[in-house]
Amino acid sequence: MGRGKIEIKRIDNMSSRQVTFSKRKTGLMKKAKELAILCDAEVALLIFSSTGKLHEYASSSMDAVVERYDKAIKERHDQLLDSTSEIKFWQHEAARLRQQLQYLQQSHRQLLGEELPSLNAEDLQKLENQLEITLKKVRMNKEQVLTDEIKELHHKGSLIDQENKELHKKVTLLHQETVELKKKAPISLQLSQPQAQMNDISAQAMKLSQPQPQNNDMLAQAMKLRL
C-alpha cells in the first residue's frame with residue numbers, strides 16, 4: 001500500500017513538529033552537500049529553528065560564501081539602478097523628441113500659411129525673414145542646377161561637334177576616292193574589254209599580215225591595229 005500524500009501546512013503538535021524539523025533538516029543538509037560535491041557548486045545553508053537555534057552548512061567557508069552573496073546582491077542592485085537610470089534617460093529623450101516634432105510640425109504649417117492668426121507681429125516678422133532666407137537658398141540651388149545642366153549641354157554639344165568634324169573628314173575622303181575612281185574608270189574599261197573583241201582585232205591583224213603586195217600604208221595600219 002502506497003504512502004499517502006502529506007498536506008503541507010504548519011504542524012500544530014510541538015513534538016511532531018520538532019521531529020519533522022530534525023528529519024527534514026538532516027535531509028536538506030545532505031542534499032546541499034551532495035549538490036556541492038556532484039556539481040562543484042559553492043553551497044551555503046542557514047537554518048533557524050522555531051526556538052531561534054542556528055543550523056548551518058557551507059561547502060567551503062560560510063564567511064566567504066556570505067561575502068560573495070553580498071557582492072552579487074550589490075552588483076544586481078547597481079544593474080537595476082543603471083537600468084532605471086537608462087530608462088529615465090530614454091524617457092526624457094523621447095519626450096524631448098516629441099516636443100521637437102510638435103514644434104517642427106507647427107513651423108511647417110506656419111510656412112504653408114496656416115495658423116497665422118495666433119502669431120504676433122514679432123513672430124510674423126521672424127517667419128517672413130525665414131521665408132526670405134529659404135527663398136534665397138532655393139534660388140541659389142536652382143541657379144546651380146541650371147548652371148550644371150548648361151555645362152553638361154555645352155559638353156555634349158562639343159562632343160557632337162567633334163563627331164560632325166570627323167564625319168565631314170570621312171565624307172571628304174570618300175568623295176576624293178570617288179573622284180579618283182572616276183578618273184581611272186576609262187582605262188579600266190579599256191583593259192577589261194571582252195576577249196572576243198581582242199580576238200577580232202588579232203584576226204584582222206593576221207589577215208592584214210598575209211602575203212600581199214607590199215603597201216606601206218596597210219602595214220602601218222596593221223601595226224597600229226596590233227598595238
Side-chain angles (χ1 to χ4, degrees), residues 71-72 74-205 221 223-227:
K71 183 178 180 182
K74 183 178 179 181
E75 290 178 353
R76 182 183 300 179
H77 180 69
D78 293 340
Q79 290 177 356
L80 290 175
L81 289 177
D82 292 341
S83 300
T84 304
S85 300
E86 186 175 359
I87 291 173
K88 290 182 179 179
F89 168 77
W90 287 115
Q91 288 176 347
H92 177 73
E93 188 70 14
R96 186 183 65 82
L97 291 175
R98 281 194 298 268
Q99 184 178 3
Q100 185 177 1
L101 178 61
Q102 292 176 357
Y103 172 76
L104 292 175
Q105 290 175 346
Q106 183 180 5
S107 299
H108 178 68
R109 289 192 295 268
Q110 291 174 355
L111 289 174
L112 294 177
E114 301 175 1
E115 300 182 2
L116 296 181
S118 60
L119 301 178
N120 54 28
E122 185 179 357
D123 293 334
L124 290 173
Q125 183 65 39
K126 291 180 180 179
L127 182 61
E128 183 180 0
N129 295 336
Q130 185 177 0
L131 288 173
E132 289 178 355
I133 294 173
T134 303
L135 183 59
K136 184 178 179 180
K137 291 181 179 180
V138 170
R139 287 174 177 171
M140 291 177 61
N141 290 336
K142 181 180 177 182
E143 291 177 358
Q144 184 63 39
V145 171
L146 292 176
T147 301
D148 294 339
E149 290 180 354
I150 291 172
K151 289 181 180 179
E152 183 67 20
L153 290 175
H154 280 309
H155 179 67
K156 291 181 179 180
S158 299
L159 294 177
I160 292 174
D161 184 62
Q162 186 66 27
E163 291 179 357
N164 288 335
K165 290 180 180 180
E166 295 294 332
L167 291 174
H168 181 71
K169 290 180 180 179
K170 292 181 180 180
V171 171
T172 303
L173 291 175
L174 289 174
H175 180 70
Q176 292 177 355
E177 291 178 358
T178 303
V179 172
E180 294 295 330
L181 289 174
K182 286 182 180 180
K183 290 181 180 180
K184 296 178 181 180
I187 299 175
S188 300
L189 290 175
Q190 183 177 359
L191 294 175
S192 61
Q193 287 180 348
Q195 189 66 29
Q197 184 177 1
M198 296 299 296
N199 292 335
D200 293 338
I201 295 174
S202 299
Q204 187 176 2
Q221 185 178 3
M223 291 297 294
K224 184 177 180 180
L225 292 172
R226 185 180 296 274
L227 294 174

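Hydrogens, waters and symmetry mates are skipped; everything else that's a heavy atom, side chains included, is used. Here the structure is a predicted model, which means the values were calculated and not measured.
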- Query: Would you call Q100 and L97 a side-chain contact if the rule is heavy atoms closer than 4.5 Å?
  - Reply: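 In short, these two side chains touch, coming nearer than 4.5 Å.
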- D161 with K165: basic N within carboxylate O range, under 4.0 Å: yes
To the nearest 0.5 Å, how far apart are [atom1] in [X] and [atom2] in [Y]?
X    : Y    : atom1 : atom2 : value
E177 : K182 : CD    : NZ    : 13.5 Å
K170 : L173 : NZ    : CG    : 10.0 Å
H168 : N164 : NE2   : CG    : 10.5 Å
L167 : I160 : CG    : CD1   : 11.5 Å

- Message: Check this for me: Q99, atom CD, are more than 12 non-hydrogen atoms of other residues, nucleotides or ligands nearer than 6.0 Å?
- Response: no
- Residue of the set H108, Q110, R109 for which side-chain contact (heavy atoms from CB on, under 4.5 Å) holds with L112: H108
- Message: As a test of understanding, state which of L127, N129, D123 forms a side-chain contact (heavy atoms from CB on, under 4.5 Å) with Q125.
- Response: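 Option passing the side-chain contact (heavy atoms from CB on, under 4.5 Å) with Q125: N129.
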- Query: Any side chain to side chain donor-acceptor pair (under 3.5 Å) pairs touching residues 81-96, not counting sequence neighbours?
  - Reply: E93-R96
For residues 147-154, please give each side-chain donor-acceptor pair under 3.5 Å, one per line with the distance, not counting sequence neighbours.
{"from": "T147", "atom 1": "OG1", "to": "E143", "atom 2": "O", "distance (Å)": "2.7"}
{"from": "D148", "atom 1": "OD1", "to": "Q144", "atom 2": "NE2", "distance (Å)": "3.1"}

